[in-house]
Enquirer: 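Below is one structure. I have some questions about it.
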2 protein chains.
Amino acid sequence: MKKKSSTAKWSETETQAWIGLVKAQQHLLDKVEEELKKAGFPQLNWYDVLWELESAKDGSLRLNDIGKKVILDKHNVTRLVQRLESEGLVSRSQCPVDGRGIFACITDKGKKLRRQMWKVYEKVVRENFLCKYNKKELNEFRNFIERIQASGLSDSV
Amino acid sequence: MKKKSSTAKWSETETQAWIGLVKAQQHLLDKVEEELKKAGFPQLNWYDVLWELESAKDGSLRLNDIGKKVILDKHNVTRLVQRLESEGLVSRSQCPVDGRGIFACITDKGKKLRRQMWKVYEKVVRENFLCKYNKKELNEFRNFIERIQASGLSDSV
DNA sequence: CCATACTAGTTGCATATGCAACTATATAGG
DNA sequence: CCTATATAGTTGCATATGCAACTAGTATGG
């Protein structure tokens with residue numbers, strides 16, 4: 001019955017820091033989505049998967065691992081990869097050592113698309129986020145952020 | 001044909017600052033969703049709408065304005081508010097001055113639910129985000145963030 | 001070697017979302 | 001006052017997502 005975890009516990013500053021962070025990022029990502037669509041490209045989560053694949057060894061990952069890197073449940077990974085495959089952006093193959101495992105491997109077409117999408121993505125982030133800060137600040141920023149990740153939160157990355 | 005907006009343009013620091021920000025927040029929000037579900041509460045976007053309503057004058061907003069505050073297209077606002085209404089969390093009423101307008105007004109039940117959800121929400125954010133920083137840092141952080149909002153991005157807030 | 005428990009991935013169903021077409025009101029121009 | 005155009009909100013349809021049940025392969029323990 002102690003007055004714990006009640007709304008009053010947070011000062012304005014704290015609350016604002018969090019809400020500001022969420023809103024700012026939502027707006028930014030929203031804008032990225034908008035620009036991608038405008039340019040005729042697919043959604044951000046396609047980009048995320050392609051990016052994870054491209055930066056992985058051999059350009060391939062097991063579906064399960066994709067799900068961990070990107071924030072998606074297995075079900076959605078299965079279907080997202082199906083869609084990517086039907087567009088020729090990735091290819092699927094059995095895992096030789098684990099009969100259950102399926103690898104998704106990014107194709108040249110997939111790499112090309114990712115690169116094109118990145119141009120759009122990068123532009124939005126640069127013009128609305130990066131350009132507001134100098135190197136030193138971005139460094140500080142990154143350090144800030146890393147402290148969050150340092151806790152058990154990032155089971156991946 | 002100049003080598004502009006190519007991937008190479010960003011240094012590691014810059015890229016990492018952005019990617020870290022996105023991932024950290026995704027993980028955090030994901031965890032909030034998880035905890036809300038575990039506690040038997042509805043999704044975060046219900047919370048967001050309830051929160052906007054409760055902090056608005058008279059606890060009510062026009063659907064259109066909700067859509068601007070929360071990041072949702074009109075279509076979804078209509079239907080989200082319908083769902084909220086069917087749960088008795090908000091009530092709808094015609095706008096007296098604009099025949100097209102519909103107000104959504106948070107009910108006592110809605111306020112109560114929001115408060116309960118906030119406890120869960122707050123806990124996750126406090127334990128995974130706020131507790132990593134001191135007041136001064138949070139202040140800096142907020143200032144950082146505000147620079148993003150300062151640009152045309154926040155048509156609302 | 002067989003039974004049990006676990007994990008990877010898939011599929012079906014209910015629900016949520018995005019998009020486009022539609023209704024009704026409001027605003028602007030002749 | 002009447003037409004043209006824009007805006008608020010709704011609805012229908014296609015698609016995407018979450019959840020639970022299912023299949024197939026793996027690991028453990030007798």
Side-chain angles (χ1 to χ4, degrees), chain A residues 26 29-49 53 60-87 89-105 155-156, chain B residues 26 29-49 53 60-87 89-105 155-156:
Chain A
Q26 278 182 340
L29 286 177
D30 214 51
K31 201 167 178 68
V32 174
E33 293 278 15
E34 190 188 319
E35 294 295 325
L36 284 174
K37 197 188 307 165
K38 218 183 281 179
F41 291 126
Q43 275 191 305
L44 253 179
N45 50 11
W46 285 38
Y47 178 85
D48 289 336
V49 171
L53 287 176
S60 61
L61 282 173
R62 284 185 57 172
L63 297 199
N64 200 25
D65 296 324
I66 296 176
K68 280 182 216 151
K69 301 243 181 207
V70 182
I71 302 183
L72 277 172
D73 315 84
K74 328 180 182 209
H75 339 105
N76 292 326
V77 176
T78 297
R79 292 190 266 225
L80 183 44
V81 169
Q82 278 172 355
R83 276 172 248 144
L84 290 170
E85 190 186 25
S86 74
E87 297 288 333
L89 302 169
V90 308
S91 62
R92 291 157 40 112
S93 58
Q94 279 287 328
C95 173
V97 302
D98 185 339
R100 299 165 301 180
I102 304 279
F103 274 104
C105 182
D155 15 296
S156 55
Chain B
Q26 277 182 341
L29 286 177
D30 215 51
K31 201 167 177 69
V32 174
E33 293 278 15
E34 190 187 319
E35 293 296 324
L36 283 175
K37 197 188 308 167
K38 218 182 282 177
F41 291 127
Q43 275 191 304
L44 253 179
N45 50 10
W46 286 38
Y47 178 86
D48 288 336
V49 171
L53 286 176
S60 61
L61 283 173
R62 285 185 57 172
L63 297 198
N64 200 26
D65 296 324
I66 296 176
K68 280 183 215 150
K69 301 242 181 209
V70 182
I71 301 184
L72 278 173
D73 315 83
K74 329 180 181 210
H75 340 105
N76 292 327
V77 176
T78 298
R79 291 189 267 224
L80 182 46
V81 169
Q82 277 172 356
R83 275 172 248 145
L84 291 170
E85 191 185 25
S86 74
E87 296 288 333
L89 303 168
V90 309
S91 62
R92 292 157 39 110
S93 58
Q94 279 286 329
C95 173
V97 302
D98 185 338
R100 298 166 301 181
I102 304 278
F103 274 104
C105 182
D155 14 298
S156 55

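Numbers restart at 1 for each chain; the letters A, B, ... are given by sequence-line order, proteins then strands.
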Enquirer: Between A:Trp46 (CH2) and C:dG18 (P), how many Å, whole number?
Expert: 16 Å

Enquirer: Grab the CG-P distance between A:Asp73 and D:dA20 for me, whole Å please.
Expert: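 It is 11 Å, rounded to the nearest whole Å.
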
Enquirer: Without decimals, in angstroms, what is the distance between B:Lys68 NZ and D:dG9 P?
Expert: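 One finds 9 Å between P of D:dG9 and NZ of B:Lys68, rounded.
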
Enquirer: How long is the gap from CD1 on B:Ile71 to CD on A:Glu33, to the nearest 0.5 Å?
Expert: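 Rounded to the nearest 0.5 Å, the CD1-CD separation comes out at 11.0 Å.
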
Enquirer: Heavy-atom contacts under 4.0 Å between residues 89-101 of chain A and DNA chain D, which residues?
Expert: A:Val97, A:Asp98, A:Gly99, A:Arg100

Enquirer: Give a yes/no on whether any side-chain N or O of B:Asn45 is located under 4.0 angstrom from OP1 or OP2 of C:dA16.
Expert: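 No, because none of the side-chain N or O atoms of B:Asn45 sits under 4.0 Å from OP1 or OP2 of C:dA16.
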
Enquirer: With a 4.0 Å cutoff (strictly under), does any side-chain N or O of B:Arg62 reach OP1 or OP2 of D:dT7?
Expert: no

Enquirer: Starting at atom CD1 of B:Ile66, determine the distance to atom P of D:dT7, rounded to an integer number of angstrom.
Expert: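 Answer to the nearest Å: 20 Å.
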
Enquirer: From B:Leu53 CG over to B:Leu89 CG, what is the distance, rounded to the nearest 0.5 angstrom?
Expert: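 So the CG of B:Leu53 and the CG of B:Leu89 are separated by 10.5 Å.
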
Enquirer: Out of curiosity, B:Leu63 CG to B:Lys74 NZ, how far, rounded to the nearest 0.5 Å?
Expert: 11.0 Å

Enquirer: Can you tell me the distance, in whole Å, between the CG atom of A:Leu36 and the P atom of C:dG18?
Expert: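 About 15 Å, once rounded to whole Å.
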
Enquirer: Of A:Arg83 and B:Thr78, whose nearest nucleotide on DNA chain D comes first from the 5' end?
Expert: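 The residue mapped nearer the 5' terminus is B:Thr78.
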
Enquirer: To the nearest 0.5 angstrom, please state how far the CD1 atom of B:Ile66 sits from the NZ atom of B:Lys68.
Expert: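 Interatomic distance, B:Ile66 CD1 to B:Lys68 NZ, rounded to 0.5 Å: 11.5 Å.
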
Enquirer: A:Lys37 has a side chain; which of C:dG18, C:dT11, D:dT17 sits nearest to it?
Expert: C:dG18

Enquirer: Can you name the nearest heavy-atom pair linking A:Val81 to A:Ala104, along with the distance?
Expert: CG1-CB, 4.2 Å

Enquirer: Tell me whether the OP1 or OP2 atom of D:dT11 has a side-chain N or O from B:Gln82 closer than 4.0 Å.
Expert: yes

Enquirer: Does OP1 or OP2 of C:dA8 have a side-chain N or O of A:Asn64 closer than 4.0 Å?
Expert: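 Yes, within the criterion.
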
Enquirer: Between A:Gln94 and A:Ile102, does the side chain to side chain contact (heavy atoms under 4.5 Å, CB included) criterion hold? Intermediate values first, please.
Expert: CA-CA 5 Å; A:Gln94 279 287 328; A:Ile102 304 279; 3.4 Å; yes

Enquirer: Do you know which two heavy atoms are closest between B:Asn45 and B:Leu80, and how far apart they sit?
Expert: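 In terms of heavy atoms, the two residues are closest at O-CD2, 4.2 Å.
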
Enquirer: Round to the nearest Å and state the distance from A:Leu80 atom CG to D:dG18 atom C1'.
Expert: 15 Å

Enquirer: Can you figure out which of C:dT11, D:dG9, C:dT17 approaches the side chain of B:Lys74 most closely?
Expert: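 Nearest to the side-chain atoms of B:Lys74, counting from C-beta on, is D:dG9.
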
Enquirer: Taking the nucleotide of DNA chain C with the nearest heavy atom to each, does B:Leu72 or A:Ile102 sit closer to the 5' end?
Expert: A:Ile102

Enquirer: Using atom CG of A:Leu44 as one end and atom C1' of D:dA16 as the other, report the distance to the nearest whole Å.
Expert: 15 Å

Enquirer: Rounded to whole Å, how long is the line connecting atom CG of B:Asn76 with atom C1' of D:dT10?
Expert: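 Computing the B:Asn76:CG to D:dT10:C1' distance gives 12 Å.
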
Enquirer: OP1 or OP2 of D:dT11 sitting under 4.0 Å from any side-chain N/O of B:Arg79?
Expert: no

